Peer 1: 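The structure under discussion is supplied below as structure tokens; questions concerning it will follow.
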Amino acid sequence: MDSKLYIYNTLTRKKELFKPINPPFVGLYACGPTVYGDAHLGHARQAVTFDVLFRFLSFLGYKVRYIRNITDVGHLESDADEGEDKIQKKARIEKLEPMEVVQYYMNRYHENMRQLNVLPPSIEPRATGHIIEQQQLIKKIIDAGYAYIVNGSVYFDVMKYDADHHYGKLSGRKIDDLLSNTRALEGQSEKKNPLDFALWKKADPAHIMHWPSEWSEGYPGWHVECSAMSTKYLGVEFDIHGGGMDLLFPHHECEIAQSVAGYGKDSVRYWMHNNMITINGQKMGRSLGNFITLDQLFAGNHEILEQSYDPMVVRLFILQAHYRSTLDFSNESLQASEKGLKRFIQAAEKLGKIQASGHSTLDPSTLGKKCLDAMNDDLNTPVLLAHLFEATKWINAISAGQETITTNDLDGLKKIFSSYLSAVLGISLTGQNKTGDNLAEELIRSILNLRTEAKNKQDFALADRIRNELNKLGITIKDGKDGVEWEI
RNA sequence: GGUCGGUUUGCCGAGUGGCUAGGCGCUGGUCUGCAAAACCAGUUACAGCGGUUCGAAUCCGCUACCGACCUCCA
């Protein structure tokens with residue numbers, strides 16, 4: 001395994017040569033969603049980013065164990081470890097079991113991932129299924145002296161930890177700065193210090209999800225699940241841990257502290273963080289309420305969407321930017337990606353029909369290396385795509401008879417398309433660019449446009465005929481002052 | 001306020017001390033009954049001001065603006 005993959009390590013703020021701890025095995029962990037709402041574009045970016053990493057490592061020949069968790073308990077709504085569990089809140093509002101909420105949104109998440117051609121991870125552990133592992137880790141941290149118990153809750157002692165190690169080394173924070181910036185809730189906190197975070201919380205009587213423990217009937221804190229589950233399946237030390245940049249602090253910082261405190265060493269070799277999707281220059285986020293869900297995107301069902309977008313279009317849109325840059329949502333950009341995808345699909349079709357010749361007028365021999373170099377450079381998917389677009393230009397030229405290619409070179413070209421575009425980037429080129437539903441909608445829309453034209457020409461006989469024909473199919477037409485509406 | 005990051009051609013978005021990123025759009029062309037589609041060609045920018053350098057969009061400094069994190073968030 002002699003790869004030259006460089007990845008940007010948030011811990012060192014540098015691109016580093018990737019060396020697995022136990023080649024050819026690679027352990028990869030990425031923070032998945034908290035399932036209390038539909039997945040949005042930001043979740044798609046996280047999932048696609050680490051899916052591509054998973055695919056590329058596998059492509060390079062590594063045996064990758066990819067863990068992507070589902071958070072189904074434990075994240076509270078407000079700061080200072082107070083407030084209501086989000087899943088519980090949803091359950092209370094909708095009169096469901098918390099596990100029903102979890103199952104519902106998890107199913108929908110999986111469906112969205114399938115649509116985006118995101119491969120299932122090797123293991124998808126859930127926090128509620130690893131309460132014991134979390135308790136074991138908490139116990140280790142207590143035994144090591146880095147946690148204290150108050151009224152049945154267990155808190156991580158950040159000051160004590162920082163005295164021995166360095167709390168803030170991932171996010172570049174200093175404990176003094178953090179302290180001067182905490183919005184401390186004076187008085188009622190059980191914590192010794194506002195920076196301390198909960199490892200285990202005693203459940204108040206209204207709390208639905210709780211488990212027995214030696215400290216109290218309660219539930220695990222925000223950050224333990226990832227530390228417990230990653231090390232359970234990947235070992236105390238593993239290769240890569242990823243997630244969104246917004247998890248960098250405090251979530252991942254706390255994970256490091258927990259590992260060092262509990263296991264006596266850092267668990268993670270390479271920390272990777274994908275950047276945010278922005279909308280009008282501002283971060284898209286659940287808490288900001290400015291997000292577009294994937295279902296809305298795929299259906300065109302949101303006021304700022306001019307049309308629906310195929311999941312593959314969304315995937316290509318995401319991959320046309322580097323994962324560490326912010327990516328701004330706009331209809332124009334998505335539409336540009338839609339055209340680009342079409343270009344790839346048509347090139348792939350042509351590629352299957354090209355006849356080889358005695359000699360090549362183009363030299364595709366270096367293309368494979370360029371593609372590999374792009375990916376090796378911290379997963380530079382936009383550059384890889386640029387090379388692949390270059391290849392489509394060649395394919396078009398060969399197809400038009402302007403250039404010729406040998407069987408050998410043709411095979412090479414085909415191989416590059418299938419390995420990089422399909423296998424590594426996960427762009428599916430089946431040509432099923434539109435779902436059946438979207439196609440039907442567009443057919444109806446174009447028929448209605450014909451009718452509008454007829455009406456404009458005073459050809460009411462034709463216009464009425466179209467309406468009657470559609471009526472027979474159960475489609476009702478409603479002429480309004482803002483245009484034609486229809487429903488089935 | 002602290003920490004970090006960004007400012008690239010009409011839009012999105014890579015990149016690098018000297019050589020065309022790419023996609024979309026636009027313009028022109030090929031094709032075509034017309035149109036569309038498709039294809040081909042053209043479209044050379046790097047916030048401002050200083051500095052380092054033979055040479056900087058690329059390194060350094062300052063200024064302006066934008067954003068992220070510091071509270072749950074992918």
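Below, chains carry the letters A, B, ... as their sequence lines are ordered, and counting in each starts from 1. Computed from a predicted model, the values in this text were never measured in an experiment.
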Peer 1: Whom does C39(B) pair with, Watson-Crick or G-U wobble, provided both distances fall under 3.5 Å?
Peer 2: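 C39(B) is paired with G29(B).
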Peer 1: For C62(B), what is the paired nucleotide under Watson-Crick or G-U wobble rules, both distances under 3.5 Å?
Peer 2: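 WC or wobble partner is G48(B).
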Peer 1: Determine whether a donor-acceptor pair (one donor, one acceptor, N or O, separation below 3.5 Å) exists between the side chain of S287(A) and the base of C73(B).
Peer 2: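 Indeed there is one.
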Peer 1: Parallel, tilted or perpendicular for F291(A) and H40(A), by the 30°/60° rule?
Peer 2: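 Tilted, since the angle between the ring planes falls between 30° and 60°.
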Peer 1: When the ring planes of F197(A) and H223(A) are compared, do they come out parallel, tilted or perpendicular, using 30° and 60° as the limits?
Peer 2: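 Perpendicular: the ring planes of F197(A) and H223(A) meet at over 60°.
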Peer 1: Between C69(B) and R173(A), counting only base atoms on the nucleotide and side-chain atoms on the residue, is there a donor-acceptor pair under 3.5 Å?
Peer 2: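 Flag set: donor-acceptor pair detected.
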Peer 1: Under a 3.5 Å cut-off for both contacts, is C4(B) paired Watson-Crick or G-U wobble with anything, and if yes, with which nucleotide?
Peer 2: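 G67(B) is the nucleotide pairing with C4(B).
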Peer 1: Can you see if the side chain of R324(A) gets near the phosphate of G5(B) - specifically, an N or O under 4.0 Å from OP1 or OP2?
Peer 2: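 Checking R324(A) against G5(B): no side-chain N or O falls below 4.0 Å of OP1 or OP2.
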Peer 1: Between K4(A) and D373(A), is there a side-chain N and carboxylate O pair less than 4.0 Å apart?
Peer 2: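 No, this pair does not count.
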Peer 1: Quick check: F59(A) with Y420(A) (ring centres under 6.0 Å apart)?
Peer 2: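 Yes, the ring centres sit under 6.0 Å apart.
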Peer 1: Across all strands shown, which nucleotide pairs with C19(B) by Watson-Crick or G-U wobble geometry, both distances under 3.5 Å?
Peer 2: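 When the pairing criteria are applied, nothing turns out to pair with C19(B), so the answer is none.
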Peer 1: When you measure from the side chain of K342(A), which nucleotide among C70(B), A37(B), C73(B) comes out closest?
Peer 2: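 Closest of the options to the side chain of K342(A): A37(B).
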Peer 1: Suppose we call a contact any N or O donor and acceptor under 3.5 Å apart; does that hold for the side chain of K393(A) and the base of C40(B)?
Peer 2: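 Not at all, since no donor on one side and acceptor on the other fall under 3.5 Å apart.
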